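Because the structure is predicted, anything quoted here is derived from the model rather than measured. Order of appearance sets the numbers: ligands from 1, and atoms from 1 within every ligand.
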Amino acid sequence: MKSIAIITGASSGIGREFIAQLNQGAGGVLDEIWAIARNQERLDEVAASSAIPVRAMALDLTKDGSADEVARQLDEEGDEVRVQWLVNSAGFGRTGDFDAISAEDNSNMVRLNCLAVVDMCYAVLPHMVPGSRIVNMASVAGFLPLAQFAVYAASKDFVISFSYALDAELRDVGIRVTAVCPKWMKTGFMDDIGDRDAYESMTVIGFDDPKSVVNTALRSSVLGSPMCIPSPDMQFVRIFTKILPVGATIAAFGLLRRLKR
Ligand SMILES: NC(=O)c1ccc[n+]([C@@H]2O[C@H](COP(=O)([O-])OP(=O)(O)OC[C@H]3O[C@@H](n4cnc5c(N)ncnc54)[C@H](OP(=O)(O)O)[C@@H]3O)[C@@H](O)[C@H]2O)c1
């Protein structure tokens, strides 16, 4: 029986860091990692630096049928494979006013950040066993509606809600689902973030370190926690956003952003 990890967004940032830490044994014994992203060249680099054999799968997860291709390759392996880890890390965000962001970017954020997560879970679940884990990259942006990050914040709210519900459905069979909610991280994510002023004002909350986020995410997932908020100050923010009326949290964050400007 072959034990594998499937990582989306594997060519950069957090997905790549997951592969690095799985190579250090943080996810138990693995026979293979299936690494998914669009950029074949960068996937080949990831494969070359991994001691665990990597199957590089160049797929655009905003396109219909991409997760079906993963399902097809899993079916081809038959009973010989069990998926120990599914990490849904592929994602992108654009800052700026809703109508200043292209229609294509706004809908692709939903396709990649939400729909692809759902499709990948469908594709992979039949090959999971008790003890398997799903890690979905969400964000603190999912804690409240964010002006000038509207679609992105809503997409991460979706990931949090979906992860909690799926975890509640699956925990009795021993499969756990974790939504990971970091602050900003210095990865490829900001290379094409959109409106720089909007982005700068939102960095008022600070940054998390990608290595420590992945380390905490893996540990939370093994422990079976449905939500992982690596930074303690954001754990307080989560509580406040649950207690306060939504209008008050929007106003409070708006004030913080203005102070940063
Ligand atoms: N960095 C932050 O500030 C931050 C904060 C909170 C949460 N997050 C979340 O963390 C996750 C990882 O982000 P990151 O920081 O690692 O960003 P990143 O360095 O930009 O990595 C994003 C990954 O997604 C892949 N990807 C993008 N579009 C894709 C598509 N259409 N199909 C398949 N793969 C695609 C990219 O590879 P290709 O370009 O090769 O396709 C890349 O491997 C995302 O879900 C993000 O929303 C990030």
J.: Who passes salt bridge (charged side-chain N to carboxylate O under 4.0 Å, His left out) against D105, sequence neighbours left out?
T.: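 D105 satisfies salt bridge (charged side-chain N to carboxylate O under 4.0 Å, His left out) with R94 only.
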
J.: Between atom OG1 of T241 and atom CG of L144, what is the distance when rounded to the nearest 0.5 Å?
T.: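 The CG atom of L144 is 6.5 Å from OG1 of T241, to the nearest 0.5 Å.
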
J.: Running the 4.5 Å side-chain criterion over Ile, Leu, Val, Met, Phe, Trp and Tyr, what cluster does F240 land in, apart from itself?
T.: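 F240 clusters with F236, L244.
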
J.: Please check if the number of heavy atoms outside Y164 that lie under 6.0 Å from its OH is greater than 12.
T.: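 Enclosed: over 12 neighbouring heavy atoms sit under 6.0 Å from OH of Y164.
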
J.: Counting only heavy atoms from other residues, nucleotides and ligands, does the tally under 6.0 Å from NZ of K2 exceed 12?
T.: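 Enclosed.
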
J.: Around ligand 1, what residues show up once you keep those with a heavy atom under 4.0 Å from it?
T.: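 Answer by chain and number: G9, A10, S11, S12, G13, I14, A37, R38, N39, R42, L59, D60, L61, T62, S89, A90, G91, L112, M137, A138, S139, Y152, K156, P182, K183, W184, M185, T187, G188, F189.
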
J.: Name the atoms and distances for all side-chain donor-acceptor pairs under 3.5 Å in residues 220-228, with sequence neighbours left out.
T.:
unit_1	atom_1	unit_2	atom_2	d
S220	OG	T216	O	2.9
S225	OG	M227	O	2.8

